Amino acid sequence: MEKIVSLCKRRGFIFPGSEIYGGLANSWDYGPLGIELKNNIKQLWWKRFVQERDDMVGIDTALIMNPKVWEASGHLKNFVDPLVECKKCHFIDRSDFLTARHFSGKAIVLPIDPEEQRKFLIKYKIKCSNCGAPAEELTIPKQFNLMLKTFLGPSDDVSSVVYFRPETAQGMFVNFKNVLDTARKTLPFGIAQIGKAFRNEITPGNFIFRTREFEQMEIEYFTRENDWEKHFEHWRIQIMDWIGELGADVKKIHEREVPENERAHYSKKTIDFDYEFPFGTNELYGLAYRTDFDLRNHEKISGQNLKYKDPKTGEEFWPHVIEPTWGVDRSVLMVLLEAYFEEKDRVVLKLSPKLAPYKVAVFPLLANKPELAKLARKIYDDLRKDFVVAWDDRGNIGKRYYSQDEIGTPWCVTVDFDSLKDKKVTVRDRDTMKQERVAIKELENYFKNKLNV
Ligand code: GAP
């Protein structure tokens, strides 16, 4: 992890947030290369799950919604984690995480009642993870709500309290009727959204793994109740295929059916897709059967009819929902971890070319030879019409190759003296390090073929 964090900072993938002011705990900013990588992941997802499918549409909804949304969704009441504070060192932790660490990740059912939970921590001699104080020194667990509050408008009294959304999902539920009326979809169909979500996490950490501001790619897939298992299975396979498409090793993914006491309040069945992160196996993505919980409650609280009307039979009902959900930042982290290799004398990110921030880098063999620089510049300008391309004319060619390897650029193009005569350039492959001569006029097609575009 330290190597990834340092590479991200050094090469402009991810910087500590607000760094010039000493940072802001667990906030991160994506730099020039990080945003390309993140956008490539999001575009690939959107193309695969929205544009290439007939049963999907996308939306983009507000980050701050009417507080009634969170009353109906159950988040104001149920979106809580158990918080304990050590009376000795004042370290704040989650009692469920403390327990999981104590039992080395084994599934342990923690009592819900705070007093019982405290007795449990004492019985199993679970200690403060910061100073090692015994469980007796921990406060009684308190149910801490993760909703991030702010005020909307020029007054800061209770009546103007609003919340940043903790999941993009509710944007899909509250727009269910709008989408139905305009997109004219019939069941089964899905609504997708990519966007930011906010949670006042008790224990953020592990770089971009758990932060208080993060991005999600979510689908609410609406179906008839009887069909939910079929669609649950479909999305289970889709999630695994997607992980393969990112170039990750699916053997490092462990599907875990979440026991009832750990499931979100809206879910009747949840599978977590856990990935072997260097700091432990932990949730990458999730898949939940949300039943008709959300539409039913929104209808109850809003008073609006949110039922689906069968076009053939006229029957009205709330569709049931399968929700596959993907964290964008966790995807970025997994992709970086999977791509990172140290070879003899180089560090290389073997990113899938579709995800690489730069697809190609162009170099003149010698920067101080104007005829080489001119031709290289022309190639660079031409390729940039179709691809994201890097330019480098510093140092020697070997160093430039290694510099591109470290940021995952799949191909480097070098313009040398022969290029002036034979109108060919050397194309060097990042993974095999093999070189071949390619005609300049063929370059565009050469890379299009390689990228399958
Ligand atoms: N709408 C369902 C939902 O929000 P979730 O399991 O709480 O489900 C979905 O979150 C995904 O969002 C997770 O699988 C994870 O990838 C990502 N995620 C959740 N909390 C996060 C956090 N604090 N920081 C970064 N990513 C997070």
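All ligand and atom numbering here is 1-based and tracks the order in the structure. Values below: every heavy atom of this structure, side chains too, minus hydrogens, waters and symmetry copies. Predicted model, so just to flag it, every value in this text is computed and none were measured.
Ring pair F447/F387 is perpendicular by interplanar angle, where above 60° counts as perpendicular and below 30° as parallel. Using the six-membered ring where Trp is involved, W242 and F49 have ring planes that are tilted, between 30° and 60° apart. Classification of the F103-F120 ring pair by plane angle, with boundaries at 30° and 60°, yields tilted.
Under the 3.5 Å distance criterion, with hydrogens and angles disregarded, a donor-acceptor pair is assigned to the side chains of H254 and E276.
Judged as a side-chain hydrogen bond (donor to acceptor under 3.5 Å, both in side chains), and not counting sequence neighbours, T211 has no contacts.
Taking atom 25 (C) of ligand 1 as the reference point, the nearest protein heavy-atom neighbour is F209 O, 3.1 Å. T325 OG1, 3.7 Å is the protein heavy atom nearest to atom 11 (C) of ligand 1. Closest to atom 3 (C) of ligand 1, if we only count protein heavy atoms, is E218 OE2, 3.6 Å. With hydrogens left out, the protein atom closest to atom 17 (C) of ligand 1 is G327 CA, 3.8 Å, a heavy atom. Nearest protein heavy-atom neighbour of atom 14 (O) of ligand 1: E283 OE2, 2.6 Å. F214 CE1, 3.5 Å is the protein heavy atom nearest to atom 18 (N) of ligand 1.
Close approach of ligand 1 to Y285 (heavy-atom distance below 4.0 Å) involves ligand atoms 14 (O).
At least one heavy atom of R290 lies less than 4.0 angstrom from ligand 1. Residue T211 places a heavy atom less than 4.0 Å from ligand 1. Within the 4.0 Å heavy-atom cutoff, F273 does not count among the residues contacting ligand 1. Not close to ligand 1: F79, with no non-hydrogen atom less than 4.0 angstrom away.
In this structure, of Q216, E215, M217, the residue bringing a heavy atom nearest to atom 12 (O) of ligand 1 is Q216. Among R199, E167, E323, R165, the residue whose heavy atom lies nearest to atom 5 (P) of ligand 1 is R199.
With rounding to the nearest 0.5 Å, the separation of CG in D405 from CG in D345 is 9.5 Å. L37 contributes atom CG, which lies 8.0 Å from atom OH of Y30 (distance to the nearest 0.5 angstrom). Considering CZ of F13 and CD of E36, their distance stands at 10.0 Å, rounded to 0.5 Å.
A ring-centre distance under 6.0 Å is found for F277 and Y275.
With a 4.0 Å cut-off on non-hydrogen atoms, D272 does not touch ligand 1 at all. Heavy atoms of R330 found under 4.0 angstrom from ligand 1 belong exclusively to the side chain.
In terms of polar-atom proximity, L284 is counted as a contact of ligand 1, with an N or O under 3.5 Å from an N or O of the ligand.
Residue pairs satisfying the ring-ring contact (aromatic ring centres under 6.0 Å, His included) criterion with at least one member in residues 178-201, sequence neighbours excluded, are listed as follows: F164-F198, F189-F222.
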